[in-house]
Number of protein chains: 2
Amino acid sequence: MNTINRMDIDQLATSQLNSINQRYTTNRRKIIGILQEATKPITINQILESNSDLAQSSVYRNLAVLEQAGLVVRIITNEDHAHYELAEHILDHHHHIICSPCGEILDFHLSAKIEKALEESLQKIADEFGFSIDRHRLDLLGTCGDCTE
Amino acid sequence: MNTINRMDIDQLATSQLNSINQRYTTNRRKIIGILQEATKPITINQILESNSDLAQSSVYRNLAVLEQAGLVVRIITNEDHAHYELAEHILDHHHHIICSPCGEILDFHLSAKIEKALEESLQKIADEFGFSIDRHRLDLLGTCGDCTE
DNA sequence: GTAATAATGAGAATCATTCTTATTATAGGA
DNA sequence: TCCTATAATAAGAATGATTCTCATTATTAC
């Protein structure tokens, strides 16, 4: 998991940003770096805390650009703040386990077998509805060990 | 699906609201009725459009109460507005297919077999993470037929 | 280098949602 | 049936995450 290294990410980022006529600037590189180190989805406040050089408005703007470029995914939960993480072709396909009390989000993987069976079912369903699928997401909502105590 | 009738819902609503010391008022009954007729998750604006008697602030407040009572579920997507629908013990367990361009949300059902396999996998994963599961949600994101044309 | 264009950052603006408060409705006891 | 205590309502104000504006700074192409 996440065997892709920094050099490869930079190359990917440059090429995907270029394809939408955007540059891979210093700020964008910083944000990608912070997301890569985070190993789990984080909020904009957490990004700002890890690098005080970044302006809030720039982080909002750049995350939107990085999302358009397909490099970053925005995760919406019932929390006040959105969470962000690197796109699945950089990490790998996975799902989220969310602690409702504290808002923490962690990644998990389904077994290849279940994942495949699920994808086949979903494709059939999309066909029935006349939808073209972009992606699916599966969240597990509950309470983490720390919040139970 | 959704074989429960209005009388049963009213009874359920009364009992679940009472258990958190809340009343099943006229406004709350109206909101439940609108959600039942909608057959798919709708926004607060859509609720206000179906009944001009309701004050916006009351709808917000009452949906929060109905959600606490476990009668209503709030659905968050990337859209600006949250969507609401009746809880799964009133409808039945299902998932959502979401059109990203227009924001429409429809319900779908997984085959019992896949659903069961999935739930078993998720239980194992929750155990590994030391989480207690509340529920899971599965969304299919894509583009509906109308938005493709 | 220089001009043209894009990105930045500070703060203002937006807008869904939540909060406040005076008014109205409801339930339970006398 | 009337009181009284308490809950719900509705109108608008307040909040706060996110988006927008625009003057300044950086980058690219020639």
Side-chain angles (χ1 to χ4, degrees), chain A residues 10 13-35 41-69 71-85 103 105, chain B residues 10 13-35 41-69 71-85 103 105:
Chain A
D10 285 342
T14 305
S15 115
Q16 289 185 229
L17 282 166
N18 284 346
S19 74
I20 59 166
N21 297 314
Q22 296 281 357
R23 299 171 184 162
Y24 191 36
T25 64
T26 311
N27 276 357
R28 290 171 190 171
R29 194 171 190 282
K30 279 184 193 166
I31 292 171
I32 291 283
I34 292 169
L35 291 178
I42 56 177
T43 64
I44 284 182
N45 283 344
Q46 290 174 306
I47 292 174
L48 292 171
E49 283 162 16
S50 6
N51 188 318
S52 50
D53 292 348
L54 293 166
Q56 190 193 49
S57 58
S58 297
V59 175
Y60 270 103
R61 184 166 14 78
N62 284 322
L63 282 170
V65 170
L66 292 170
E67 197 186 10
Q68 275 175 54
L71 291 163
V72 161
V73 176
R74 179 188 199 180
I75 300 161
I76 307 281
T77 63
N78 288 301
E79 283 284 291
D80 285 341
H81 299 71
H83 290 243
Y84 293 85
E85 74 176 348
I105 305 180
Chain B
D10 286 342
T14 305
S15 115
Q16 289 185 227
L17 283 166
N18 283 345
S19 75
I20 59 165
N21 297 314
Q22 296 281 356
R23 299 173 184 160
Y24 191 36
T25 63
T26 311
N27 277 355
R28 292 173 188 169
R29 194 170 190 281
K30 279 185 192 166
I31 292 172
I32 291 283
I34 292 169
L35 291 177
I42 56 176
T43 64
I44 283 182
N45 284 342
Q46 289 173 309
I47 292 174
L48 291 171
E49 282 161 16
S50 11
N51 188 319
S52 50
D53 292 347
L54 292 167
Q56 190 193 47
S57 58
S58 297
V59 176
Y60 271 103
R61 186 175 8 81
N62 283 323
L63 282 171
V65 170
L66 292 170
E67 198 187 8
Q68 278 174 52
L71 292 162
V72 160
V73 176
R74 178 189 199 178
I75 300 161
I76 307 282
T77 64
N78 289 299
E79 285 283 291
D80 284 342
H81 300 72
H83 289 243
Y84 293 83
E85 74 177 349
I105 306 180

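First the proteins, then the strands, lettered A, B, ... as listed; each starts at 1. In what follows, every heavy atom counts, from backbone to side chain, and hydrogens, waters and symmetry copies are set aside. Worth saying up front: this structure is predicted, and the values here are computed from it rather than measured.
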B:Thr26 vs A:Asn62, nearer the 5' end of DNA chain C by closest nucleotide: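 On the 5' side of the pair lies A:Asn62.
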Between A:Gln22 and B:Ile76, who's closer to the 5' end of DNA chain C by nearest nucleotide? A:Gln22
Do side-chain atoms of [X] reach the backbone of [Y] as a donor and acceptor pair under 3.5 angstrom?
{"X": "B:Arg28", "Y": "B:Arg23", "answer": "yes"}
{"X": "B:Ser58", "Y": "B:Leu54", "answer": "no"}
{"X": "A:Gln16", "Y": "A:Ala13", "answer": "no"}

Just compare [options] and give me whichever is closest to any side-chain atom of [X].
{"X": "A:Arg28", "options": "C:dA7, C:dT17, D:dA8", "value": "C:dA7"}
{"X": "B:Ser57", "options": "D:dT9, D:dT27, D:dG12", "value": "D:dG12"}
{"X": "B:Arg74", "options": "D:dT19, D:dT9, C:dT17", "value": "C:dT17"}
{"X": "A:His81", "options": "D:dT18, D:dA10, C:dT8", "value": "D:dT18"}
{"X": "A:Tyr60", "options": "D:dA17, C:dT8, D:dA7", "value": "D:dA17"}
{"X": "A:Ala55", "options": "C:dA6, C:dA10, D:dT18", "value": "C:dA10"}

Atom-pair distance ([atom1] on [X]; [atom2] on [N]), nearest Å:
{"X": "A:Tyr24", "N": "D:dT27", "atom1": "OH", "atom2": "P", "answer": "15 Å"}
{"X": "A:Arg61", "N": "D:dT24", "atom1": "CZ", "atom2": "P", "answer": "17 Å"}
{"X": "B:Glu79", "N": "C:dT17", "atom1": "CD", "atom2": "P", "answer": "11 Å"}
{"X": "B:Ile31", "N": "D:dT9", "atom1": "CD1", "atom2": "C1'", "answer": "11 Å"}
{"X": "B:Arg29", "N": "D:dA8", "atom1": "CZ", "atom2": "P", "answer": "17 Å"}
{"X": "A:Leu17", "N": "D:dT27", "atom1": "CG", "atom2": "P", "answer": "15 Å"}
{"X": "B:Asn21", "N": "C:dG28", "atom1": "CG", "atom2": "C1'", "answer": "15 Å"}
{"X": "B:Asp80", "N": "D:dT18", "atom1": "CG", "atom2": "P", "answer": "12 Å"}

Can a side chain N or O of A:Asn27 be found less than 4.0 Å away from OP1 or OP2 on C:dG9? yes
Tell me whether the side-chain N/O atoms of B:Asn45 come closer than 4.0 Å to OP1 or OP2 in C:dA16.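 Negative; the distance criterion is not met.
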At under 4.0 Å between heavy atoms, what does A:Ala64 touch on the DNA or RNA strands: base, sugar-phosphate, or nothing? nothing
Under 4.0 Å, counting only non-hydrogen atoms across every strand here, what does B:Thr25 touch: a base, just sugar-phosphate, or nothing? sugar-phosphate
Assign each of B:Gln56 and B:Asp53 to its nearest nucleotide of DNA chain D by heavy atoms, then name whichever residue's nucleotide is nearer the 5' end.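 Counting from the 5' end, the first nearest nucleotide belongs to B:Asp53.
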With no angle test and no hydrogens, is the base of D:dA26 tied to the side chain of A:Arg23 by a donor-acceptor pair under 3.5 Å?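 No pair found.
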Side-chain donor-acceptor pair present, B:Thr26, B:Arg29, cut-off under 3.5 Å: no
Out of curiosity, A:Glu67 CD to A:Tyr84 OH, how far, rounded to the nearest 0.5 Å? 6.5 Å
Evaluate the side-chain proximity of B:Leu66 to B:Leu17: yes if any heavy-atom separation is below 4.5 Å, no if none is.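 Of all side-chain heavy-atom pairs linking B:Leu66 with B:Leu17, at least one is under 4.5 Å.
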